[in-house]
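Have a look at the structure below, then the notes.
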There are 2 protein chains.
Amino acid sequence: MATMANLPHPERADLNLTSVLFALSDPERLEIVRQLRSGPMDMAECSLSVPDMPKSTKSHLMKVLREAGVIRNEANGRGRRLILRSDDLEERFPGLLLAVVGASVGD
Amino acid sequence: MATMANLPHPERADLNLTSVLFALSDPERLEIVRQLRSGPMDMAECSLSVPDMPKSTKSHLMKVLREAGVIRNEANGRGRRLILRSDDLEERFPGLLLAVVGASVGD
DNA sequence: CCCATGGTTCAACTAAAGTCGAACCATGGC
DNA sequence: GCCATGGTTCGACTTTAGTTGAACCATGGG
């Protein structure tokens, strides 16, 4: 029924550039964002470079992205559905997301 | 004669996206970058939100930006000349700089 | 109803980043 | 030559961020 814990998300107008940049400035978090580029994903599905990452650590990565307003984290059955906030980011920071996810990381 | 200490700068090809994003994810550093958008500046001229910032702290801000490849820091007489590496950034991460410096920060 | 699944939260710890005084160092001007 | 200027570097410290196990919790399935 999708009634699990509703986590807080900042509103579009409250998105802060430096917070977004910080959230994107970590390779693991950036990788998550890239995977979400092609559409929502179940959290359990999204793979990271560290395959055996503890779930508390993974949850923390999501928290940073969510609190910066980069992703939404919604209850979905037993799991979580992750959604990139493309529209909100585009509105607040036009071109930023495209530049970031489109670029070659460099290492 | 401009022969003062030559600080190390990463080459264009070595620029790393997450390092650049991290360097830009601080309000003070972002402000410096914005001031450099309109051309090189003497380090002594660039004003920060904290007017009485110790010079060691200011120097550290510049170091982070320089080591990420965002700015050049060249000897210039008794002082230092700061130059935004627009071309290198545009080459490596097209559209990124424009999106970042063009955006409203949000707080 | 019970339990496995998939996740959040907390607390304790480690690691990384920021702050800033003090020492040092070129330069340009006198 | 000397000194004021404008900066870098170092070291010690504070602060912030990342990591993880353990406890907890909602859900869906049997």
Side-chain angles (χ1 to χ4, degrees), chain A residues 1-9 16 18-32 35-36 40-68 70-83, chain B residues 1-9 16 18-32 35-36 40-68 70-83:
Chain A
M1 273 187 65
T3 41
M4 203 162 40
N6 267 6
L7 300 171
H9 294 79
N16 171 258
T18 53
S19 302
V20 168
L21 292 174
F22 181 78
L24 297 173
S25 73
D26 172 79
E28 300 280 2
R29 291 192 296 253
L30 183 55
E31 175 55 28
I32 292 165
Q35 291 183 26
L36 291 176
M41 286 183 75
D42 289 343
M43 184 167 160
E45 307 306 315
C46 82
S47 59
L48 298 172
S49 64
V50 182
D52 54 347
M53 178 180 289
K55 54 186 181 175
S56 53
T57 305
K58 193 171 178 181
S59 185
H60 180 66
L61 291 178
M62 301 306 176
K63 183 182 187 182
V64 174
L65 287 168
R66 173 177 53 82
E67 289 181 339
V70 176
I71 66 174
R72 284 191 194 283
N73 181 341
E74 299 180 349
N76 177 246
R78 261 179 298 199
R80 292 260 158 197
R81 191 146 198 83
L82 304 177
I83 304 157
Chain B
M1 270 188 66
T3 41
M4 202 162 37
N6 267 7
L7 300 171
H9 294 79
N16 172 258
T18 54
S19 302
V20 169
L21 292 174
F22 181 79
L24 298 173
S25 74
D26 173 80
E28 300 281 0
R29 292 193 295 254
L30 183 56
E31 176 55 28
I32 292 165
Q35 291 183 27
L36 292 176
M41 287 182 74
D42 289 342
M43 183 165 160
E45 307 307 316
C46 83
S47 59
L48 299 172
S49 64
V50 183
D52 54 345
M53 178 180 289
K55 53 184 180 175
S56 53
T57 304
K58 192 171 178 181
S59 185
H60 180 66
L61 290 178
M62 301 304 176
K63 183 182 186 182
V64 174
L65 287 168
R66 172 177 53 82
E67 290 181 339
V70 175
I71 66 173
R72 283 191 195 284
N73 181 342
E74 298 179 350
N76 177 245
R78 262 180 298 198
R80 292 261 158 196
R81 192 147 198 80
L82 303 177
I83 304 157

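Just so you know, these numbers use all the heavy atoms, side chains as well, and skip hydrogens, waters and symmetry mates. Below, chain A is the first sequence line, B the second, and so on; all start at residue 1.
Going from atom CG of A:Leu7 over to atom P of D:dC25 covers 15 Å, rounded to whole Å. Whole-Å rounding puts the B:Glu28 CD to C:dT19 C1' distance at 12 Å. The CG-P distance, from A:Asn76 to C:dT5, rounds to 18 Å in whole Å. Here D:dA17 presents its C1' atom at 6 Å from CZ of A:Phe22, a figure rounded to the nearest Å. Following rounding to the nearest Å, A:Arg80 (CZ) and C:dT9 (P) show an atom-to-atom distance of 8 Å. Atom P of nucleotide D:dG18 and atom CG of A:Leu65 are separated by 10 Å, given to the nearest angstrom. In this entry the distance linking CD of A:Glu67 with P of D:dG18 reads 11 Å, nearest Å.
Within the nucleic acid shown, A:Arg81 has no heavy atom closer than 4.0 Å to any nucleic acid atom. B:Met62 comes within 4.0 angstrom of nothing in the nucleic acid, heavy atoms only.
A donor-acceptor pair under 3.5 Å is formed between the side chain of A:Arg29 and the backbone N or O of A:Phe22. Counting only distance, with no hydrogens or angles, the side chain of B:Arg66 and the backbone of B:His9 share no donor-acceptor pair below 3.5 Å. With B:Arg72 contributing its side chain and B:Ile83 its backbone, the two residues share no donor-acceptor pair below 3.5 Å.
Here side-chain hydrogen bond (donor to acceptor under 3.5 Å, both in side chains) pairs that include residues 48-59 of chain A, with residues two or more places apart or in two chains, are A:Glu28-A:Ser49.
Put simply, A:Arg78 has no side-chain N or O that comes within less than 4.0 Å of OP1 or OP2 on D:dC25. Residue B:Asn73 has a polar side-chain atom (N or O) positioned under 4.0 Å from OP1 or OP2 of D:dT8.
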side-chain contact (heavy atoms from CB on, under 4.5 Å) between B:Asp26 and B:Leu61: does it pass, once the steps are laid out?
CA-CA 9 Å; B:Asp26 173 80; B:Leu61 290 178; 4.1 Å; yes
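Residues from residues 49-61 of chain B with heavy atoms under 4.0 angstrom of DNA chain D, sorted by number: B:Lys55, B:Ser56, B:Ser59.
Between A:Asp42 and A:Arg80, no side-chain nitrogen of the basic residue sits less than 4.0 Å from a carboxylate oxygen of the acidic one, so the salt-bridge criterion is not met.
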